[in-house]
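What follows is one structure encoded as structure tokens, with my remarks underneath.
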2 protein chains.
Amino acid sequence: MKQPTRTKTRSKAVQSKAPKSKIAQTSDQGLRVPATNFTIEDVANAAGVSVATVSRALRDLPNVAPSTRQKVLDVAQELHYVVDPTASRLAAGKTRTVAVAVPVLDAWYCAKVVAGIEAVLKESDFDLLLYAVTNESERSRFVAGRGAWWRRSDAVILVDICLFEEEAMRLADSGAAVVTIGTELAQFSSVRLDEMNSAREATEHLIAGGHRRIALLKGDPLVGQFRVPLYREQGFFEALADAEIEWVPDLQISGGFSIDGGREAMRALLSLDEPPTAVFAMSDEMAFGALHELQRQGLSAPDDVAIVGFDDHDISEIFGLTTIRQDVEAIGAAAARMALASVSRTGDQSLFEPERVVSPTKLIVRRTS
Amino acid sequence: MKQPTRTKTRSKAVQSKAPKSKIAQTSDQGLRVPATNFTIEDVANAAGVSVATVSRALRDLPNVAPSTRQKVLDVAQELHYVVDPTASRLAAGKTRTVAVAVPVLDAWYCAKVVAGIEAVLKESDFDLLLYAVTNESERSRFVAGRGAWWRRSDAVILVDICLFEEEAMRLADSGAAVVTIGTELAQFSSVRLDEMNSAREATEHLIAGGHRRIALLKGDPLVGQFRVPLYREQGFFEALADAEIEWVPDLQISGGFSIDGGREAMRALLSLDEPPTAVFAMSDEMAFGALHELQRQGLSAPDDVAIVGFDDHDISEIFGLTTIRQDVEAIGAAAARMALASVSRTGDQSLFEPERVVSPTKLIVRRTS
DNA sequence: TTGAAAGCGCTAACAA
DNA sequence: TTGTTAGCGCTTTCAA
């Protein structure tokens with residue numbers, strides 16, 4: 001028969017006290033948290049019950065006598081006992097952790113999303129594993145099959161990560177609950193904006209201001225299923241079409257969603273034979289760069305070129321930037337809630353209908369238009 | 001005798017193939033990653049060796065015949081086998097994870113630090129658990145004893161988290177390697193700026209510009225051992241003293257390190273009977289707020305009030321803000337490297353001398369001064 | 001060089 | 001209501 005080596009040293013007689021050997025190491029230092037880590041077995045011995053009972057009591061499961069539960073709680077408290085999350089995970093198969101993947105960490109948008117997610121997870125005592133999935137190779141490693149998050153998290157939230165259909169299928173097979181932000185895939189729950197109408201509204205605002213030569217400051221070339229730039233583009237074009245404005249290809253330029261990119265793009269636009277009188281930037285950060293370039297050339301918005309951005313970045317108000325406001329933290333929070341919901345659902349994840357949330361946006365008119 | 005229920009179904013005869021039952025579920029779908037998760041035992045069976053050998057082979061341990069190792073590697077590859085990190089942690093006691101605690105997630109500074117940390121951890125295949133430790137109660141829960149990170153991470157990096165001596169001692173006892181950013185504690189390795197001299201340089205720059213009525217835009221009231229504001233303050237005062245400028249208490253005001261706070265503070269300063277002619281803001285974001293308020297009142301920098309910030313935020317250049325530049329990502333990266341170094345060190349952590357890095361800063365003169 | 005087997009600390013059937 | 005015990009999937013002596 002199996003011989004419980006470790007336990008053997010502990011006397012059954014010890015009742016409402018922790019095993020002698022371990023307590024000794026703690027001594028009577030009062031405040032200090034013991035360097036020794038007690039196990040569930042220590043608690044069981046000290047409380048005079050079985051480990052199973054301790055486990056139940058600590059997790060508020062039914063079928064534990066109130067007095068027993070209290071006893072266990074007291075002992076655990078006294079011993080500063082905390083369940084080892086790793087052991088718990090191994091035995092129960094739950095990690096109480098969600099993995100979050102973002103394309104960049106130090107962009108305003110991503111930081112806000114993560115903040116929104118974290119706040120919600122914290123309420124449920126879930127941990128957050130953070131991954132920057134910056135390029136193609138990182139993405140495919142993360143997504144296909146067993147990324148680092150695998151078996152370390154119950155759910156994964158993809159923030160503006162573009163997936164190919166095949167990758168999506170693999171992810172769906174991974175056993176984790178998946179929620180996407182910014183993209184929408186057949187298999188997963190998602191939260192996104194009504195990109196098209198938001199972009200259309202921004203563009204219509206410019207048109208209403210009398211502009212007919214409007215440039216589009218876009219993001220990078222697309223990969224996978226990251227459709228955000230496409231949708232915004234579509235809204236932009238529809239607005240033009242409705243106003244019967246002819247589209248000039250030269251006025252479409254990429255700014256890579258960055259400040260620097262916006263600056264470069266604006267420079268290019270201004271050097272055109274016939275520069276635009278207005279610019280719709282797909283992100284506020286690109287708009288900042290554009291404003292900067294205007295300023296450098298002694299020009300200003302809206303006098304020389306009107307500008308509308310997208311996001312309502314914390315700093316946009318200072319620039320007086322007209323923009324489309326979105327509540328990024330709320331988006332993160334919503335995604336986190338979906339993730340928690342799927343995790344707590346029992347049964348095969350693929351049997352549940354993906355949930356879809358469209359977060360509202362609002363045109364904020366300021367001075368640059 | 002112990003009866004291996006699960007294993008029993010697998011025939012010993014199966015040699016260089018995975019157990020029939022599991023393979024069957026995968027079928028011959030080619031690309032799809034099998035829904036079934038293989039275990040080390042499956043690999044062992046398929047390779048015709050013991051689990052111990054698989055474990056050794058996979059971790060590049062010595063005492064494995066080259067041919068055996070290759071065999072194991074091949075089989076593992078074929079089965080898409082990936083070690084379960086949880087089980088591995090439980091058995092080996094290493095998590096390959098570091099916990100990062102920041103006071104806020106959506107501040108420019110914190111996002112950059114986290115980005116720096118993440119980039120380094122990724123290189124070593126370490127995961128990053130992210131925690132926002134916003135208030136006193138969260139801090140004490142995180143730090144004292146067994147926070148959520150406990151036993152889930154080998155190291156913890158505290159970003160501008162203020163600790164009381166007692167809390168630091170508990171943390172030191174926790175068994176995790178600890179690195180602090182922004183603060184310096186006796187027990188832990190740290191990376192910080194030369195706050196005092198940086199602040200002094202900023203102030204001296206203002207004084208050199210002829211200013212004698214200089215306001216100080218500080219952070220919040222202090223808690224624990226978060227000394228950054230104190231050090232910057234000290235540098236500021238020393239510069240004043242050196243120039244024999246008398247200090248006016250009214251000119252010292254808190255802006256909570258936020259844009260809004262900076263705006264409020266500037267408003268208060270401007271409503272003074274004798275407003276300052278210059279402001280040293282302890283962060284660029286507060287400086288942005290201050291600039292905004294100036295602008296609102298039809299004033300500008302440096303004509304009406306000169307402003308110097310601290311950080312060199314991505315957007316500072318656009319505002320033409322004179323500031324103290326720090327390389328925040330590098331700071332995060334340095335801290336991460338220290339954390340990895342301590343983790344890989346064997347033996348009692350407390351026996352090692354804490355490492356201390358002071359990251360350089362630089363005064364960037366622009367238009368606001 | 002390899003394998004057998006005892007854990008790591010917990011959860012969850014199943015018995016009692 | 002409580003206890004016993006077989007795992008969870010891996011690492012690590014200790015033998016062979």
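Chain letters run A, B, ... following the sequence lines, proteins first, then strands; residues in each count from 1.
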What contact category does [X] fall into here, base, sugar-phosphate, or nothing, at under 4.0 angstrom with non-hydrogen atoms?
{"X": "A:N63", "value": "base"}
{"X": "A:T68", "value": "sugar-phosphate"}
{"X": "B:A92", "value": "sugar-phosphate"}
{"X": "A:R151", "value": "sugar-phosphate"}

Exercise for review: For B:V82 and for A:A52, find the nucleotide of DNA chain D with the closest heavy atom, then tell me which residue's nucleotide is more 5'.
Suggested key: A:A52
Review point. In Å, rounded to the nearest 0.5 Å, how long is the span from CG of A:L163 to CZ of A:R139?
Key: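 Those atoms lie 6.5 Å apart.
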Check your understanding: Measuring from A:R56:CZ to A:T68:OG1, what's the distance to the nearest 0.5 Å?
Key -> 10.5 Å
Exercise for review: Walk me through it: do B:R152 and B:D127 pass the test salt bridge (Lys or Arg N to Asp or Glu O under 4.0 Å)?
Suggested key: CA-CA 10 Å; B:R152 304 201 52 161; B:D127 285 336; over 6 Å; no
Point to revise | side-chain contact (heavy atoms from CB on, under 4.5 Å) between B:V143 and B:V156, worked out | key: CA-CA 10 Å; B:V143 132; B:V156 5; over 6 Å; no
Among the candidates [options], find the nucleotide nearest to the side-chain atoms of [X].
{"X": "B:A65", "options": "C:dT2, D:dT11, C:dG9", "value": "C:dT2"}
{"X": "A:A87", "options": "C:dG9, C:dA12, D:dT11", "value": "C:dG9"}
{"X": "B:R59", "options": "D:dT12, C:dC10, C:dG3", "value": "D:dT12"}
{"X": "A:V83", "options": "D:dT11, C:dC10, C:dC8", "value": "C:dC10"}
{"X": "B:I40", "options": "D:dG3, D:dT11, C:dG3", "value": "D:dT11"}
{"X": "A:S55", "options": "C:dT11, D:dT12, C:dC10", "value": "C:dT11"}
{"X": "B:L90", "options": "C:dT2, C:dT11, D:dG9", "value": "D:dG9"}

For [X] and [N], give me the distance from atom [atom1] to atom [atom2], rounded to whole Å.
{"X": "B:Q70", "N": "C:dT1", "atom1": "CD", "atom2": "P", "value": "16 Å"}
{"X": "B:Y81", "N": "D:dC10", "atom1": "OH", "atom2": "C1'", "value": "7 Å"}
{"X": "B:N37", "N": "D:dG9", "atom1": "CG", "atom2": "P", "value": "8 Å"}
{"X": "B:E41", "N": "D:dC8", "atom1": "CD", "atom2": "C1'", "value": "12 Å"}
{"X": "B:D60", "N": "C:dT1", "atom1": "CG", "atom2": "P", "value": "14 Å"}
{"X": "A:L58", "N": "C:dT11", "atom1": "CG", "atom2": "C1'", "value": "12 Å"}
{"X": "A:F38", "N": "C:dC8", "atom1": "CZ", "atom2": "C1'", "value": "18 Å"}
{"X": "A:D84", "N": "D:dG9", "atom1": "CG", "atom2": "C1'", "value": "15 Å"}

Review point. Okay, side chain of B:T39, backbone of B:E41: is any donor-acceptor separation there less than 3.5 Å?
Key: yes
Review point. DNA chain C: A:R89 or B:P66, which has the more 5' nearest nucleotide?
Key: B:P66
**Study point:** First encountered from the 5' end of DNA chain C, between B:R56 and B:A91
**Key:** B:R56
Hey, is the side chain of [X] poking within less than 4.0 Å of OP1 or OP2 on [N], counting only N and O atoms?
{"X": "B:S88", "N": "D:dC10", "answer": "no"}
{"X": "A:S50", "N": "D:dG3", "answer": "yes"}
{"X": "B:T53", "N": "C:dG3", "answer": "yes"}

Check your understanding: Any Lys/Arg nitrogen of A:D154 or A:R96 sitting under 4.0 Å from an Asp/Glu carboxylate oxygen of the other?
Key ->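 No, this pair does not count.
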